[in-house]
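Accompanying notes for the structure given below.
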Amino acid sequence: MRCALLRELGASPEPAEADVPTPGAGQSLLQVLAAPINPVDIAVGSGRFFAGNPDPPYIPGAEAVGRVVSSERFAEGALLYAGMEGMGLRRNGGMAEHVVAEDEGSVELPGDVDSAVAGALGIAGLAAWLPLAWRAPVRAGETVLVLGATGTLGLIAVQAARLLGAGRVVAAGRSEAGLERAREHGADAVVRIDAHGTDAPASLAQALQDACGEAGPSLVLDPLWGEPFVAALTAAAPEARIVQLGQSAGPQAVVASGLLRGKCIDILGFTNFGVPRDVMHDALLTLIDHASAGHIRFDLERVALDDVPSAWQRQADGAGAKLVVIP
């Protein structure tokens, strides 16, 4: 079968040939229809992921959507989402014509769903939806601040906050075009993160508070960490909840103790890997329903296997659209 193969950590995957994998007990063999490229794939492939990486060479891709070729649990031809059960993390992943999926972690999808859209709503969509629907549920009418709102995750989060009952949604990010998309998709106000010079934390904090209103945001989604997190914490309302799920702006944040104690702030860590399977499965189907109804929209680009090296680099540089490999 054809695949994308990462031969050494820090390199980009290249088109290659590999044997079709053989499923074991509790596994299904899928013909892959779509395999999104995610930031976690880049982190794993660089050797920087906190949970480690497969020994290279390996096939990357932490999730995929495909049709069942052989399975003891699912009917032949059934459409499945498979992800985060070791694919591309401890073993070969989804960027290939075939992949082995763990039955327990797979979600059977409606047969008429666009496989690329369903895949794009996996890791990225769940990381946008679940912090706001499950980890720190949106309260009716509250102000939600979404940091990193110009990527796929952030754009979905802006729409999710509105669907879940937020009264005001503020999007913050670095891309002017991305912020305009966020406004078009429901953000009430936008803040350009990189427009505040050397006084970034204080200046950005004021801009965030101005956008959110005098009280500040009561719920913050933070995939960035670093200075944007400090600014959001400074702007946050008393007893605000901040859901932290990434470090795109840097692995460290210097936080004054009084900011946390004085406002009684809750900082809640989140990773898709820590979500119970039933919650994950239900959330994915909910997201697919919203996308099918046109309530959640995002830019999607289909990528051929031969184009994976360049797409991998675009993802590492911060691709605006969701890149999905079509083997």
Side-chain angles (χ1 to χ4, degrees), residues 1-5 13 15-38 41 58-126 129 272 275-294 296 298 300-308 311 322-327:
M1 67 175 184
R2 299 191 70 236
C3 67
L5 193 68
E17 294 285 334
D19 294 334
V20 174
T22 302
Q27 297 180 325
S28 298
L29 179 65
L30 306 185
Q31 178 187 2
V32 177
L33 302 179
I37 305 177
N38 290 290
D41 299 317
Y58 74 92
I59 299 169
E63 63 182 342
V65 173
R67 294 207 177 273
V68 173
V69 176
S70 63
S71 175
E72 295 180 353
R73 178 167 177 174
F74 299 102
E76 182 178 346
L79 188 64
L80 298 188
Y81 167 85
M84 294 174 288
E85 297 284 340
M87 286 173 48
L89 303 173
R90 296 186 297 275
R91 59 182 177 85
N92 283 333
M95 295 184 197
E97 292 180 328
H98 293 87
V99 71
V100 166
E102 298 290 340
D103 291 344
E104 287 300 323
S106 298
V107 184
E108 187 163 2
L109 305 175
D112 59 349
V113 167
D114 183 322
S115 57
V117 171
L121 289 170
I123 289 174
L126 292 168
W129 180 266
N272 283 339
V275 180
R277 284 184 180 133
D278 60 335
V279 173
M280 187 85 71
H281 293 187
D282 290 347
L284 179 59
L285 294 174
T286 297
L287 279 167
I288 290 172
D289 285 344
H290 281 308
S292 298
I296 289 179
F298 52 90
L300 185 150
E301 182 179 335
R302 291 166 169 83
V303 176
L305 269 174
D306 286 341
D307 297 328
V308 165
K322 186 63 185 174
L323 304 176
V324 180
V325 178
I326 309 296

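Residue pairs meeting the salt bridge (charged side-chain N to carboxylate O under 4.0 Å, His left out) criterion with at least one partner in residues 68-88, sequence neighbours excluded, are R73-E104, E85-R277. Residue pairs meeting the salt bridge (charged side-chain N to carboxylate O under 4.0 Å, His left out) criterion with at least one member in residues 109-123, sequence neighbours excluded, are D114-R302. The salt bridge (charged side-chain N to carboxylate O under 4.0 Å, His left out) pairs that include a residue from residues 24-34 number zero, where partners must be two or more places apart or lie in different chains. For residues 16-35, no residue pair satisfies the salt bridge (charged side-chain N to carboxylate O under 4.0 Å, His left out) rule, not counting sequence neighbours.
Residues that satisfy the salt bridge (charged side-chain N to carboxylate O under 4.0 Å, His left out) test with E108, not counting sequence neighbours, are absent from this structure. Residues passing the side-chain contact (heavy atoms from CB on, under 4.5 Å) test with A120 are F298, L300, K322, V324, sequence neighbours excluded. Remark: R67 pairs with L33, L79 by the side-chain contact (heavy atoms from CB on, under 4.5 Å) rule, at least two apart or across chains. Remark: A304 pairs with D307 by the side-chain contact (heavy atoms from CB on, under 4.5 Å) rule, at least two apart or across chains. In terms of the side chain to side chain donor-acceptor pair (under 3.5 Å) criterion, Y58 has no residue partners (sequence neighbours excluded). Residues passing the side-chain contact (heavy atoms from CB on, under 4.5 Å) test with A82 are L30, M87, A101, S106, sequence neighbours excluded. Here E97 pairs with nothing under the side chain to side chain donor-acceptor pair (under 3.5 Å) rule; sequence neighbours left out.
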Residues 279-291 side chain polar contacts: donor-acceptor under 3.5 Å, at least two apart:
residue, atom, partner, partner atom, Å
T286, OG1, D282, O, 2.9

